[in-house]
Amino acid sequence: MVRKTALITGITGQDGAYLAAHLVGLGYDIHGLVRWDSYVSPADGLSRLDLLGLVDENITLHYGDICDANNINHLIKEIRPDEIYNLAALSHVKVSFETPASALEINTHGTLNVLEAVRVTGQERTARIYQASSSEMFGSIPAPQSERAPMEPCSPYGAAKLAAYHLARIYRQSYGLWVCNGILFNHESPLRGEGFVTHKITRAVAELDAGVLDKPLILGNLDSVRDWGDARDYVRGMHMMMQTEAPDDFVLASGRSYSVRDFAGLSFDQIGVKIIWQGKGKDEVGLNAATGRVLIKVDLELFRPLELNFLLGDASKAEKHLGWKPEISLEQMIKDMIDADRLLIKEQPICKNQKAG
Ligand code: G4F
């Protein structure tokens with residue numbers, strides 16, 4: 001059987017690493033685009049691939065940059081991939097308010113570079129493209145959000161991703177590119193970056209359990225509601241989207257929503273600590289119900305200039321057309337994240353910068 005070849009941009013991120021592991025299991029030859037800083041500091045940049053035991057697998061890493069059209073053209077011309085997963089992104093929503101031009105450059109222009117590279121190298125009929133679209137594109141529209149819902153992004157990140165989503169659709173319709181948009185709701189895992197709220201929380205839980213939490217966990221907007229799923233389920237869905245007869249757009253979501261406050265409560269439950277909440281707004285605190293110790297505080301600096309308040313995804317189209325369903329429960333995911341954090345704490349006991357997220 002001929003082995004398929006996949007190119008993954010953003011292979012060093014959470015989704016890139018899990019997708020690479022999934023495709024290795026399916027017998028793919030994999031090429032990954034790696035930025036210079038990850039390339040020269042493999043200990044940091046390639047650590048996720050290392051954690052998944054992928055470093056010696058059939059993966060070829062290419063040093064390059066999604067923002068450099070020439071570089072992407074050459075790469076796609078040389079590799080002639082059957083499948084391209086465009087996962088490279090500036091993925092932190094709050095950071096996108098601080099560096100909006102970078103968000104557009106990487107998330108929109110970078111996507112355009114991939115689409116154009118496939119077109120100018122004449123691979124429209126042979127290369128399939130997965131575009132990592134996001135539920136952040138919906139903004140605060142009424143829930144549940146499906147593929148048919150209006151999109152009114154409320155962050156530079158969301159606007160950049162929405163422009164890329166439209167470019168993908170335009171290239172599909174005008175040039176016949178095989179490109180699908182995966183509109184993924186929040187998805188987390190033990191490989192999630194520590195600047196995202198779920199990992200900040202699970203890390204603090206593991207620190208408390210290990211007796212090394214020396215100050216309260218500082219969070220931003222506790223009222224914000226997200227539909228959190230597990231990245232390992234979602235990369236499986238990405239691959240399923242790429243195996244359909246005709247390209248289309250699909251939402252992947254768990255169909256269950258929780259506030260940040262709820263997520264924190266569920267996480268501390270895992271180590272038998274019940275959180276009670278007192279106060280309002282910036283003065284709200286989460287206390288250990290048994291001891292009265294303040295474990296969680298709020299800092300207004302961590303709020304965004306504009307917040308997406310409520311996400312709840314409707315993934316019925318993916319279930320009907322792809323047979324995709326999430327398999328890992330939120331509770332299991334939280335447990336896996338805390339277990340992984342327990343190991344991290346042994347190697348790196350001090351959380352460097354809680355305010356980063
Ligand atoms: O974990 P977050 O930073 O994820 P966010 O902003 O929802 O974005 C993630 O999901 C998107 C899919 O909808 C992706 F497209 C995107 O790339 C990324 O993966 O924040 C989740 C919520 C927000 O409402 C935020 O305001 O948690 C709130 N929050 C409260 N305290 C916090 C914190 N977020 C962070 N990062 N850090 C906090 O301390």
Side-chain angles (χ1 to χ4, degrees), residues 10 13-16 18 86-98 102-103 106-107 111 131-141 143-145 149 151-162 164-165 181-189 191-204 216-231 234-235 251-254 257-265 267 281-282 284 286 296-313 315 333-334 337 351 353-357:
Q14 165 188 262
D15 294 2
Y18 280 125
N86 185 35
L87 311 184
L90 185 160
S91 61
H92 200 287
V93 174
K94 183 162 183 286
V95 170
S96 81
F97 281 98
E98 287 142 29
S102 300
I106 300 166
N107 299 358
T111 303
Q131 169 55 20
S133 288
S134 161
S135 54
E136 187 70 22
M137 301 186 312
F138 291 115
S140 290
I141 60 142
Q145 295 95 6
M151 293 182 181
E152 299 174 11
C154 52
S155 63
Y157 170 89
K161 280 285 181 185
L162 183 57
Y165 159 90
N181 281 293
I183 307 170
L184 270 49
F185 282 62
N186 295 52
H187 44 287
E188 320 295 311
S189 74
L191 297 188
R192 188 57 144 154
E194 283 190 20
F196 296 92
V197 74
T198 53
H199 199 172
K200 270 182 81 172
I201 293 170
T202 60
R203 166 93 194 195
L217 167 66
I218 310 292
L219 294 176
N221 188 350
L222 298 172
D223 292 318
S224 182
V225 172
R226 290 290 181 274
D227 176 328
W228 278 291
D230 191 295
Y234 288 41
V235 298
V251 159
L252 298 185
S254 77
S257 288
Y258 296 88
S259 67
V260 171
R261 190 184 290 100
D262 292 338
F263 189 97
S267 301
K282 71 174 176 42
E284 185 166 355
I296 302 168
K297 283 184 164 181
V298 170
D299 184 343
L300 294 182
E301 261 187 54
L302 291 169
F303 281 57
R304 286 136 197 219
L306 189 59
E307 180 64 270
L308 195 173
N309 299 314
F310 194 103
L311 282 174
L312 172 65
M333 180 188 86
I334 293 174
M337 290 176 75
C351 189
N353 182 5
Q354 262 201 8
K355 277 203 167 183

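Below, each value reflects all heavy atoms present in this structure, side chains not excepted, and no hydrogens, waters or symmetry copies. Both counts, for ligands and for their atoms, begin at 1 and track the order of listing.
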Taking only non-hydrogen atoms of Ser91 and a 4.0 Å limit, the atoms of ligand 1 in range are 16 (C), 17 (O), 18 (C)
Could you label the plane-to-plane angle of the Phe196 and His92 rings as parallel, tilted or perpendicular, counting under 30° as parallel and over 60° as perpendicular? tilted
Who's closest to atom 21 (C) of ligand 1 heavy-atom-wise, of Ile296, Ile201, Val197, Leu184? Val197
Work out which heavy atom in Leu219 is nearest to a heavy atom in Leu302; give both atom names and the distance. C-CD1, 3.7 Å
With a 4.0 Å cut-off on heavy atoms, is Leu311 in contact with ligand 1? yes
Closest to atom 7 (O) of ligand 1 (judged by heavy-atom distance), picking from Arg226, Arg261, Arg192: Arg226
Any idea which atoms of ligand 1 are less than 4.0 Å away from a heavy-atom of Ser224? 22 (C), 23 (C), 24 (O)
With a 4.0 Å cut-off on heavy atoms, is Phe303 touching ligand 1? no
For Gly220, take its heavy atoms, then give the atoms of ligand 1 lying under 4.0 Å from any of them. 30 (C), 31 (N), 33 (C), 39 (O)
His92 near ligand 1 by a heavy-atom separation under 4.0 Å: yes
Would you say Leu308 and Phe138 make side-chain contact, with heavy atoms under 4.5 Å? no
Looking at Glu194 and Arg203, is there a salt bridge between them, counting it only when a charged N and a carboxylate O are closer than 4.0 Å? yes
Side chains of Phe263 and Thr198: does their closest heavy-atom pair fall under 4.5 Å? yes
Measuring only between side-chain heavy atoms, which start at C-beta, is Val260 closer than 4.5 Å to Asn221? no
Of all the heavy-atom pairs spanning Ile201 and Ala264, show the shortest one and how long it is. CG2-CA, 3.8 Å
For Ser134, take its heavy atoms, then give the atoms of ligand 1 lying under 4.0 Å from any of them. 11 (C), 12 (C), 13 (O), 14 (C), 15 (F)
For ligand 1, which atoms have a heavy atom of Val260 less than 4.0 angstrom away? 27 (O), 28 (C)
Given that the side chain starts at C-beta and the backbone is N, CA, C, O, which of these parts of Leu219 lies under 4.0 Å from ligand 1, counting heavy atoms, or is it both or neither? both
Contact summary for Lys200 and Leu217, nearest pair of heavy atoms: O-CD1, 3.7 Å
Scan side-chain atoms only and decide if Ser155 and Glu136 contain a donor-acceptor pair under the 3.5 Å cut-off. yes
Numbered atoms of ligand 1 (with element) below 4.0 Å of Glu307, judged on heavy atoms: 23 (C), 24 (O), 25 (C), 26 (O)
May I ask whether Glu301 places a heavy atom under 4.0 Å from ligand 1? no
What do you reckon, does Thr198 put a non-hydrogen atom under 4.0 Å from ligand 1? no
Arg226 with Glu307: basic N within carboxylate O range, under 4.0 Å: yes
Ligand 1 atoms nearer than 4.0 angstrom to some heavy atom of Glu136 are 13 (O)
Which of the ligand 1 atoms, numbered from 1, are nearer than 4.0 Å to a heavy atom of Val93: 6 (O), 8 (O)
If you compare all heavy atoms of Phe303 against all heavy atoms of Gly220, which two are closest, and at what distance to 0.1 Å? CE1-C, 3.3 Å
Ligand 1 contact on Arg304 by region, counting heavy-atom pairs under 4.0 Å: side chain
